[in-house]
Enquirer: 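Let me give you the structure first, and then I'll get to my questions.
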Amino acid sequence: MRMSKLFFHSLREAPAEAELVSHQLMLRAGLIRQVTSGIFEYLPLGMRVKHKIERLLREEMDRVDGQEMVMPVALPAELWRKSGRWYAVGDDLMRMKDRTGRDMCLAMTHEEVMADLVARSVNSYRHLPIVMYQIQTKFRDEPRPRGGMLRVREFTMKDAYSFHVDQADLDDYYPRMYEAYFRVFRRAGLDVVAIESDMGIMGGTMAHEFMAMSDIGEDTIVQCRGCTYRANRQVASFRKDPPPAAEPLPMEEVHTPGTDTIAALADMLDTDTAQTAKALFLVALLSEQDQNREQFVFCVVRGDMELNETKLTNAINAVHLRPATEAEIRVVGAEPGFGSPVGVDRGQVMVVVDDLVCESPNLVAGANRPDWHYRNVNCGRDYGADLVTDIVNADNGHACPVCGGELYLQRGVEVGNTFKLGTKYSESLGAYYQDEKGDSHPIVMASYGIGVGRLIACIIENFNDEDGIQWPLSVAPYQVHLVCLAPAGQTEVWDKAEALYGELSEAGLEVLYDDRQERAGVKFNDADLVGIPLQIAVGRRGLAQGKVELKLRRSSERHMLDADNVCGELNPHLQAEQAWLDDLLALPVPD
RNA sequence: CGGGGAGUAGCGCAGCCCGGUUAGCGCACAGCGUUUGGGACGCUGGGGUCGGAGGUUCAAAUCCUCUCUCCCCGACCA
């Protein structure tokens, strides 16, 4: 490609709205442009990168028996009503009506349509298993898009779906897809970790998230220093070490003016926050099975712990949680800031207590009247619970649930996920098959997603320096950036550059040829910004020695190549660029 | 939805507090000339509903009201 013809306008300064390096570089290098919040255009260079990633995805999906197809973006509400997600999903689902007034939506994922397709076409065990995938546009009306391509509303996703006769067959297949995911990310230059995760609104029995570890990530990953345990903080458990058992002491009231925080309370009573119980008031929207009613939830966690809303949501089978208002809190007989499970109206509230609280004797808890607390409150004796379970966050320094080692927190970007869905969608959309005996069973289903734009952003976050992007060869928009340094009059240099452009292209290389009438500095800077791995500079100075200059973008190494054998001498460097990706790919796939 | 910040030329910004000719600067863009291996220089030029709508005033980018958009933190996140 000749740069003189390329739709390309580099920016010397990044637009003010871009904070993340990846976002700034994508804009400055002319890969993308934002149209409105969370909605982007891919410009020609960005499109090349996108195609490279899509090619990787196709190759790896095909390797695990995936068959490519494509589903529509605009879908009838009917399918989403059948699965229940028309109601379960909130405003993230972009809803609209067609001209006849029929409810429609833009697909945010395709479990329903896929299950519907299979329901209509597959009816025998002989047809299973099936794996299908697509690389297609998703729309999710995010409340807050952020970080450039990190969280957007419209995006390209590779989503794959597999269908099996039973759980065992899925369990058998799943590791193949899991490995394919590692291969995709590693071939793109990214090392990732796979972690246990929450199922969220997908439903199902088990899920993994593939995380690119990075401080810009929106997810928190809990990892063990001693073993391989890792999980999303939303679901991470930890070993809770209860304090020594003690004889329950008589409960007594204590005057604690102004102590409406745990820290102030522990301070005044000269005790540890671990000796206190914290009350939290939430209102849960319960699931459809529970008639979508609102339920006041009274949570008790130890003062040194944080409530984990995902765990709580799952524990009580809620659709949504919100903080209770002061008025709601008073109605059930509690006092904001001095709330206590002792004496609340059990008829109106659901009391959920973290299991550690029940094993911690003689805690300080609120007295449900301003400026007063109780000492020596004991779960079971002084108040009852509707549910006792783990509802708190794992934190730095907690003990690993597997080996007891020290846990630590790190941020990560979710670049992919896999869900064992079970039969939720098969049953609701009628995807059943007949076995050898003629008995009917719901098809066991799984889905697997990778966000293309987010992956590109992660790659750039990982591979950049102060001058620009440093693409891994596998996903670079072009392999070679040929730069002609000559001013207009130097025909012998131009002739050589033109000849080289032909030769390199002829040799099957993807060449971006800077034939613009620009000064050398501009071309060098644009080349560094765009970040193609191999830069070849053709100029009078080198040609006088019969040489052209090769610069490796990642290492900044320079080599003089024989101008008459550029292809030959370039080859080892190309192979070296590929080699480190191969090394990454060769690493064992973690469990 | 809560908190914070910002909208002035394609990009980066100044001007606003304290209202007053044709709204400025750098980069980018066009023409001419000189330059030509790490973001050149000179001259000339084009490009603006000052986010929008109301209002105050002799006069509004500037003051007031409403509103839209974008960014950041939080909530949310299939």
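Protein chains get the first letters and strands the later ones, always in sequence-line order, with residue 1 at the start of each. The analysis underlying the following values was restricted to heavy atoms, covering all of them including side chains, and did not include hydrogens, waters or symmetry mates.
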Enquirer: B:U44 and B:U62: how far apart are their C1' atoms, nearest whole angstrom?
Expert: 33 Å

Enquirer: Does anything in residues 15-24 of chain A pair up under salt bridge (Lys or Arg N to Asp or Glu O under 4.0 Å), and if so which pairs, sequence neighbours excluded?
Expert: none

Enquirer: Find the partner of B:G54: check Watson-Crick (N1-N3 plus N6-O4 or O6-N4) and G-U wobble (N1-O2, O6-N3) distances, both under 3.5 Å, and reply none if neither fits.
Expert: B:C64

Enquirer: Counting any heavy atom closer than 4.0 Å, what does A:P15 reach on the DNA or RNA strands: base, sugar-phosphate only, or nothing?
Expert: sugar-phosphate

Enquirer: Within this structure, what is the CG-to-P distance between A:D219 and B:A75, rounded to whole angstrom?
Expert: 12 Å

Enquirer: For nucleotides 27-37 of chain B, give me one character per nucleotide, 5' to 3': B if any protein heavy atom sits under 4.0 Å from the base, S if the only such contacts are to the sugar-phosphate, - if neither.
Expert: SS------BBB

Enquirer: In whole Å, what is the span from the CZ atom of A:R28 to the P atom of B:G12?
Expert: 12 Å

Enquirer: For side-chain hydrogen bond (donor to acceptor under 3.5 Å, both in side chains), just list the numbers for A:T418 and A:Y174, CA-CA rounded to whole Å, side-chain angles, deciding distance to a tenth of an Å, and then say yes or no.
Expert: CA-CA 9 Å; A:T418 57; A:Y174 190 83; 2.6 Å; yes

Enquirer: Using a 4.0 Å heavy-atom cut-off across all strands, classify A:D91 as base, sugar-phosphate, or nothing.
Expert: nothing

Enquirer: Regarding A:E306 and A:R233, does a basic nitrogen lie under 4.0 Å from an acidic carboxylate oxygen?
Expert: yes

Enquirer: Report the base-pairing partner of B:C41 (Watson-Crick or G-U wobble, both distances below 3.5 angstrom), or none.
Expert: B:G33

Enquirer: Specify the separation, in whole Å, of atom CZ of A:R322 and atom C1' of B:G74.
Expert: 18 Å

Enquirer: Could you list the protein-to-nucleotides 68-72 of chain B atom pairs, N/O on both sides, closer than 3.5 Å?
Expert:
| from | atom 1 | to | atom 2 | distance (Å) |
| --- | --- | --- | --- | --- |
| B:C70 | OP1 | A:T36 | OG1 | 2.6 |
| B:C70 | OP1 | A:S37 | N | 3.1 |
| B:C70 | O3' | A:Q34 | NE2 | 3.4 |
| B:C71 | OP1 | A:Q34 | NE2 | 3.1 |
| B:C71 | OP2 | A:S37 | OG | 2.9 |
| B:C72 | OP1 | A:G147 | N | 3.1 |

Enquirer: Under the side-chain hydrogen bond (donor to acceptor under 3.5 Å, both in side chains) rule, what do A:Y448 and A:S162 come out as? Steps first, then yes or no, please.
Expert: CA-CA 8 Å; A:Y448 317 86; A:S162 70; 2.7 Å; yes

Enquirer: Could you state the CG-P distance from A:D92 to B:A75, rounded to the nearest angstrom?
Expert: 15 Å

Enquirer: As a test of reading the structure: which of B:G38, B:C76, B:C77 is closest to the side chain of A:R151, going by heavy atoms?
Expert: B:C77

Enquirer: Measure the distance from CE on A:M157 to C1' on B:C77 and round it to the nearest whole Å.
Expert: 12 Å

Enquirer: Expressed in whole Å, how much space separates the C1' atoms belonging to B:A59 and B:C68?
Expert: 27 Å

Enquirer: Can you work out whether A:A14 or A:F139 has the more 5'-proximal nearest nucleotide on RNA chain B?
Expert: A:A14

Enquirer: Whole-Å distance between B:A40 P and A:K523 NZ?
Expert: 13 Å

Enquirer: Determine the contact category for A:Q517: base if any of its heavy atoms lies under 4.0 Å from a base atom, sugar-phosphate if only primed atoms, P, OP1 or OP2 are that close, otherwise nothing.
Expert: nothing

Enquirer: A:L312 CG to B:A75 P: how many Å, rounded?
Expert: 15 Å

Enquirer: Looking just at side-chain N and O atoms, do A:H110 and A:K138 make a donor-acceptor pair shorter than 3.5 Å?
Expert: yes

Enquirer: May I ask you to check whether over 12 heavy atoms, not counting those of A:N396, lie within 6.0 Å of atom CG?
Expert: yes

Enquirer: Nearest whole angstrom, please: distance from the C1' of B:C76 to the CG of A:L93.
Expert: 15 Å

